[in-house]
Amino acid sequence: MKNDVYIVAGPTASGKTAVGIELAKQMNGEIISADSMQIYRGMDIGTAKPSMHERQGVVHHLIDIAEPDEPYSVAMFQKAATACIEDILSRGKTPVVVGGTGLYLNALTYELDFTETSHDPVLREELMQKDAAELHQMLFEQDEAAAGRIHPNDKKRIVRRLEILKNEGDRSEYQFRKPNEAYRFIMAGLTTDRAVLYERINERVDRMAGQGLVGEVTALAQKYTAAPTSMQAIGYKELLRYLQGDITLERAIYEIKRNSRHYAKRQWVWFRRDERITWYDTAEYNNDASLIAQAIMRQGNHF
RNA sequence: AGGGGUAUGAUGUAAUGGUAACAUUACGGUCUCCAAAACCGUCCUUGAGGGUUCGAGUCCUUCUACCCCUG
């Protein structure tokens, strides 16, 4: 019999953190964060990282495991999260994966093939200099199928594909979305009325500002000169521009709110098409994390 | 109150009298190692009325609103 692995997904500010903690408390579980930004140490306020107090003694994995200037990727997450699941199960506890990074969750629930591809920063840099049309032409010559699938303007994916082709040849034979059969995934999605969520996002950004987000970003900017991935995070990239004097603080806050709304929208789109997810409208549960956790446990039992 | 100026989508702007355009927002979507990233698509406009003209965002006129100057 396969072991259960609970997954709590949903857009930002939908209440995943609290529900995950309740779920873990009620079923003797531990939490694995599937969040591409809570990975980084020191990025606390802006990523809405749960404080030690909020964690209520529940063990959290994959939070604060990298420095902001260290590279991190899905491939590393896939490996680390799988190890965490095994570790938690071996101690007789239940893994509860909580997170809003869709690709990370897919890396766990599907058998995405991230076999050792040597990163080739030199090649990448070189290719990024070229214009999109030229790159797409190069891709077309080497892999017609991929060229058809990837939009000519999508430089990032074209370059990535060329990198794979150069370093390990064609591996187009792999299945597209092959489910990971190793565990029984119980997938729950949290959602609520769009206008309500957007309002909550706006309020949360104001709260983060009040809690000292500007100070947090200032400290990080002083400590790390180059942090390519982590400083793309919403709340950080905008405030960096403010600190450099490019935009006003008011404008930065406005952009953080807007970018957070866009992000939430993309998360919806991503998760909505995943028919394995059972959705819970948090308003129907009075936004009570404990009640929602109980409903998700019933979902697990009825599977 | 007198004089001058401006009026184009939600916002900022463009259009020798000749198909009203661009960016942002909003909305919809894509996704196999930077994913809070990257990329694609859709909607919405000439302040109101009258006139000149084959044809008006553009020229004339009245009104309205806003801005500046004077007292």
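Residue numbers begin at 1 in each chain, while the letters A, B, ... track the order of the sequences.
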Polar atom pairs between nucleotides 24-28 of chain B and protein, under 3.5 Å, N or O only, would you list them?
| from | atom 1 | to | atom 2 | distance (Å) |
| --- | --- | --- | --- | --- |
| A26(B) | OP2 | His262(A) | NE2 | 2.2 |
| G28(B) | OP1 | Arg194(A) | NH2 | 3.3 |
| G28(B) | OP2 | Arg194(A) | NH2 | 2.5 |

How far does the [atom1] atom of [N] sit from the matching atom of [M], given to the nearest Å?
| N | M | atom1 | value |
| --- | --- | --- | --- |
| G9(B) | G51(B) | C1' | 28 Å |
| A14(B) | U64(B) | C1' | 26 Å |
| U13(B) | A35(B) | C1' | 34 Å |
| U61(B) | C27(B) | P | 44 Å |
| C59(B) | A1(B) | C1' | 31 Å |
| A7(B) | G47(B) | P | 9 Å |
| C67(B) | U62(B) | P | 22 Å |
| U46(B) | G12(B) | P | 16 Å |

Using atom [atom1] of [X] as one end and atom [atom2] of [N] as the other, report the distance to the nearest whole Å.
| X | N | atom1 | atom2 | value |
| --- | --- | --- | --- | --- |
| Ile150(A) | C33(B) | CD1 | P | 9 Å |
| His151(A) | G29(B) | NE2 | C1' | 12 Å |
| Trp270(A) | A37(B) | CH2 | C1' | 11 Å |
| Glu238(A) | A37(B) | CD | P | 9 Å |
| Tyr110(A) | C33(B) | OH | P | 16 Å |
| Arg160(A) | C33(B) | CZ | P | 5 Å |

Is Leu62(A) close to Phe77(A) at the side-chain level, that is, under 4.5 Å between some pair of heavy atoms? yes

Answer yes or no: does atom CZ of Phe271(A) have more than 12 heavy-atom neighbours from other residues, nucleotides or ligands under 6.0 Å? yes

Taking only the side-chain heavy atoms of Asp154(A) (C-beta and beyond), determine which of C39(B), A37(B), C33(B) contains the nearest atom. C39(B)

Find out whether the Lys NZ or Arg CZ of Arg41(A) is both under 6.0 angstrom from the six-membered ring centre of Tyr72(A) and within 45° of the ring's axis. no

